[in-house]
Amino acid sequence: MPLRLYNTLTQQVQEFAPSSDNTVRMYTCGPTVYDYAHIGNFRTFTFIDILRRTLKANGFALDHVMNITDVDDKIIRNAVAQNKTLEEYTAVYTQAFQEDCRTLRLETPERLIPATRHIDDMAAAIQRLAEGRHTYRSDGSIYFRISTFPEYGKLSHTDFSGNIAGARVDVDEYEKADARDFALWKAPKEGERYWEEPIGPGRPGWHIECSVMAIKYLGETIDIHAGGVDLIFPHHENEIAQSESLTGKPFSRFWLHAEFLMVEGQKMSKSLGNYFTLRDVLGRGYEPESIRYLLASTPYRKQLNFTFEGLKSAATAIERLRNFKLRLETDKFPEGADEEVAGRTAAASRTFTESLNDDLNTAEALAAIFEYVRDVNSAMDAGRFRAGNAAGALEFLKSFDSIFQVIEPTQKGGYIADSEVESLIAERSAAKKARNFGRADQIREQLLEQGIVLEDTKSGVRWKRK
RNA sequence: GGCGCGGUAGCCAAGUGGUAAGGCCAAGGUCUGCAAAACCUUUAUUCGUGAGUUCGAUUCUCACCCGCGCCUCCA
């Protein structure tokens with residue numbers, strides 16, 4: 001089954017393929033680096049990561065641009081308050097963002113670009129919009145005139161007719177002709193950072209960076225544009241207005257939006273104060289993989305209620321997968337290969353892939369692998385699973401983890417050496433043989449204190465790091 | 001008010017016009033020197049409420065109730 005994705009623009013699930021050649025041209029809205037990102041933000045970035053990996057699994061190449069918004073009102077305000085330059089201020093959070101992404105095993109986009117690197121391009125685009133009579137000036141700022149773009153509202157499916165056109169609305173201390181109009185270029189205010197450009201001194205509005213960078217790197221019509229649902233309006237609607245006024249072509253073929261992470265029935269957000277940063281959660285002793293699993297396990301178009309109980313349940317689920325992999329790698333199985341087991345492997349693998357291709361149905365994909373784990377554990381217990389089945393099973397696990405990225409534990413240093421573990425296990429086995437269970441249990445306890453868990457199996461002692 | 005999403009077992013959650021995936025938790029059992037891991041059994045005659053369409057609806061239609069989001073910065 002080909003990949004199908006829900007397109008906000010058409011409000012339908014549609015078959016996806018890149019428009020030309022094999023490369024997906026994708027733009028996703030990145031963070032505004034005025035503070036640490038919270039795990040609600042990372043829900044969207046995790047969704048984008050699952051999307052990237054699924055696109056690759058479908059054999060597509062990627063050219064993915066993500067912006068880093070490093071100039072906006074909050075950044076300017078905070079930088080000024082801390083007596084720092086914009087660059088000094090944003091460097092801290094840009095770096096933190098990249099570290100957090102690595103921690104969550106989020107792939108780095110092919111191009112991760114700060115907005116301030118393209119101020120000239122933005123000014124040039126605004127100039128061209130002005131030449132096309134899509135703009136007007138007011139108090140030194142430049143606004144986009146929505147009335148010049150009749151299709152405004154097509155993404156958010158909002159009908160703006162009969163709306164306050166011509167009314168003079170005072171927003172953000174700037175004068176706009178129409179409430180829907182938005183700033184392309186903001187006149188400098190006292191003490192604020194600004195850029196000297198042919199269109200006049202100032203700084204870019206929020207929306208223009210995405211249009212300009214997407215078109216510059218990916219072309220006038222891109223394949224996918226993605227972000228959180230709160231960006232549908234006005235951000236993405238405004239991007240469409242600017243971009244399509246500039247090029248006369250559809251801006252993006254597919255628009256994908258991730259739903260919110262909720263806390264106690266409300267969206268997680270800075271302004272509500274009900275948020276946790278990744279660092280907060282890790283500080284409470286949870287593993288990055290658990291967070292990733294939790295964020296990825298509920299399909300992206302459904303609101304996901306965050307709880308620490310959910311995080312614990314994710315950790316247990318991951319443990320089950322890890323135990324399964326360890327058993328595949330360490331148990332001794334009879335020679336040959338069982339056809340029924342091989343058939344199960346193929347079927348589960350197919351279900352897994354098709355679930356993801358069905359608009360990234362991660363819940364169903366997880367169900368496929370867990371059902372498989374139970375079946376195979378059962379086959380192992382019954383002696384039906386054979387040595388020749390192990391490679392296929394491990395391969396399926398590998399393809400699972402190439403999307404979910406939760407099985408391999410994050411390395412933590414300071415461990416007891418393998419050889420020492422092995423020699424203690426040997427000593428314990430000898431003690432057991434002599435029926436000296438006191439000593440055997442003492443060794444097991446001792447190892448447990450160092451994070452080593454022993455399991456006695458028919459094919460010998462199996463151990464793992466916890 | 002406009003637009004959109006959702007209400008499925010203790011919790012999380014998938015799903016289909018033909019009779020309820022999966023994960024976590026709980027109880028009992030098998031295996032084990034004891035554990036651990038794993039497996040088995042039990043846990044929604046029922047999918048917010050009411051009506052309708054249908055041979056048959058959790059799945060379609062309508063109404064209603066409840067929750068959430070966007071409409072202002074926001075992933």
Side-chain angles (χ1 to χ4, degrees), chain A residues 8 11 28-32 34 37-48 72-74 153 156-160 162-163 169 171-172 179-180 206 226-235 237 257-262 265-272 275 293-294 297-307 309-324 326-327 331 351 355 358 361-382 432 435-438 440-441 444-445 448 453-458 461-464:
Chain A
T8 306
Q11 296 179 297
T28 61
C29 292
T32 301
Y34 73 100
H38 60 65
I39 54 174
N41 302 126
F42 281 114
R43 191 209 180 172
T44 296
F45 298 125
T46 302
F47 143 66
I48 288 164
D72 90 322
D73 293 345
K74 284 188 191 118
S156 55
H157 304 97
T158 309
D159 181 8
F160 286 99
N163 210 347
V169 183
V171 177
D172 198 20
R180 301 170 302 166
W206 174 33
V229 285
D230 51 345
L231 299 185
I232 295 172
F233 188 90
H235 183 52
E237 201 74 74
H257 294 97
E259 259 295 349
F260 285 126
L261 185 68
M262 312 293 285
Q266 284 190 303
K267 77 185 259 196
M268 181 176 284
S269 75
K270 289 273 165 67
S271 51
L272 289 169
Y275 67 95
Y293 182 101
L294 183 66
S297 60
T298 296
Y300 75 97
R301 285 205 290 135
K302 191 161 174 178
Q303 291 177 353
L304 163 59
N305 195 36
F306 174 81
T307 61
E309 192 190 340
L311 221 40
K312 281 189 201 113
S313 136
T316 311
I318 292 169
E319 194 59 29
R320 189 168 156 80
L321 296 173
R322 288 177 178 165
N323 287 335
F324 177 65
L326 187 66
R327 190 175 183 188
D331 267 20
T351 304
S355 300
D358 181 15
N361 191 337
T362 48
E364 209 164 77
L366 285 169
I369 194 155
F370 279 107
E371 204 168 343
Y372 176 73
V373 167
R374 193 193 55 228
D375 282 353
V376 171
N377 271 323
S378 229
M380 287 170 167
D381 287 351
K432 272 178 66 179
R435 303 197 66 77
N436 182 357
F437 296 120
D441 290 350
R444 188 167 64 193
E445 274 304 306
L448 185 61
V453 180
L454 299 192
E455 296 172 6
D456 295 329
T457 75
K458 279 173 190 159
V461 181
R462 175 164 68 207
W463 66 275
K464 62 186 178 187

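Per chain, numbering begins at 1; letters A, B, ... match sequence-line order.
- Taking atom CG of residue D381(A) and atom P of nucleotide C39(B), one finds them 7 Å apart after rounding to whole Å.
- Within 4.0 Å (heavy atoms only), L326(A) reaches no atom of the nucleic acid at all.
- A gap of 24 Å separates the C1' atoms of C40(B) and C11(B), to the nearest Å.
- Taking atom OH of Y300(A) as the reference point, atom C1' of A13(B) lies 17 Å away to the nearest angstrom.
- T32(A) comes within 4.0 angstrom of the backbone, heavy atoms only, and of no base.
- Ion pairing between E455(A) and R462(A) holds under the 4.0 Å rule for side-chain N and carboxylate O.
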(request) State the dot-bracket string of RNA chain B. Criteria: Watson-Crick or G-U wobble, both atom distances under 3.5 angstrom; notation: ( ) intrastrand, [ ] crossing earlier pairs, | interstrand, . unpaired. (result) (((((((..(((.....[...))).(((((.......))))).....(((((..]....))))))))))))....
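- Residue L454(A) is in base contact, counting any heavy-atom pair closer than 4.0 Å across all strands shown.
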(request) Summarise how protein sits on nucleotides 1-7 of chain B as a single string, 5' to 3': B when a protein heavy atom is under 4.0 Å from the base, S for sugar-phosphate-only contact, - for no contact. (result) --SS---
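- Residue N377(A) is in sugar-phosphate contact alone, with no base atom involved, counting any heavy-atom pair closer than 4.0 Å across all strands shown.
- With rounding to whole Å, L231(A) atom CG is found 14 Å from C71(B) atom C1'.
- Among residues two or more places apart in sequence or in another chain, the side chain to side chain contact (heavy atoms under 4.5 Å, CB included) test is passed with S378(A) by none.
- Straight-line distance between the C1' atoms of U59(B) and U19(B): roughly 11 Å, to the nearest whole Å.
- Between the side chain of D441(A) and the base of G33(B), a donor-acceptor pair under 3.5 Å is found.
- Classified by interplanar angle (parallel below 30°, tilted 30° to 60°, perpendicular above 60°), the ring pair Y300(A)/F47(A) is parallel.
- Contact annotation for K432(A): base contact, defined as any heavy-atom pair under 4.0 Å involving a base atom.
- Among the protein residues, G310(A) comes within range of no part of the nucleic acid, since none of its heavy atoms lies under 4.0 Å from any strand.
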Under 3.5 Å, sequence neighbours excluded: what are the donor-acceptor pairs made by side chains of residues 312-322 of chain A?
unit_1, atom_1, unit_2, atom_2, d
T316(A), OG1, K312(A), O, 3.1
E319(A), OE2, K464(A), NZ, 3.3
R322(A), NE, I407(A), O, 2.7
R322(A), NH2, E289(A), OE2, 2.7
R322(A), NH2, V406(A), O, 3.1

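- Within the 3.5 Å criterion, the main-chain N or O of N361(A) finds no donor-acceptor partner in the side chain of D358(A).
- Put simply, CZ on F306(A) is 14 Å from P on A13(B), counting in whole angstrom units.
- When heavy atoms are screened at a 4.0 angstrom cut-off, F260(A) is found touching base atoms of the nucleic acid.
- Taking atom CG on D331(A) and atom C1' on A37(B), their separation rounds to 10 Å, with Å as the unit.
- Atom-to-atom, CD of Q266(A) to C1' of C70(B) comes out at 15 Å; the value is rounded to the nearest Å.
- At a threshold of 4.0 angstrom between heavy atoms, the contacts of M380(A) with the nucleic acid are absent.
- The residue P299(A) sits close only to the backbone: its heavy atoms come under 4.0 Å of sugar-phosphate atoms, none of a base.
- Among the heavy atoms of the strands, none lies under 4.0 Å from S269(A).
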(request) For each nucleotide in nucleotides 21-29 of chain B, reading 5' to 3', give B when a protein heavy atom comes within less than 4.0 Å of its base, S when such contact involves only the sugar-phosphate, and - otherwise. (result) BSSSS----
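- In this structure, CD of E319(A) is placed 13 Å from P of A36(B), rounded to the nearest angstrom.
- Between the base of C73(B) and the side chain of D72(A) there is no donor-acceptor pair shorter than 3.5 Å.
- If you check C68(B), G69(B), A35(B) against the side chain of V229(A), the one that comes closest is G69(B).
- Rounded to whole Å, atom P of C70(B) lies 11 Å from atom CD1 of I232(A).
- In the interface, the side chain of R444(A) is paired with the base of A35(B) through a donor and an acceptor atom under 3.5 Å apart.
- For R327(A), the salt bridge (Lys or Arg N to Asp or Glu O under 4.0 Å) partners at least two apart in sequence or on another chain are D331(A), D381(A).
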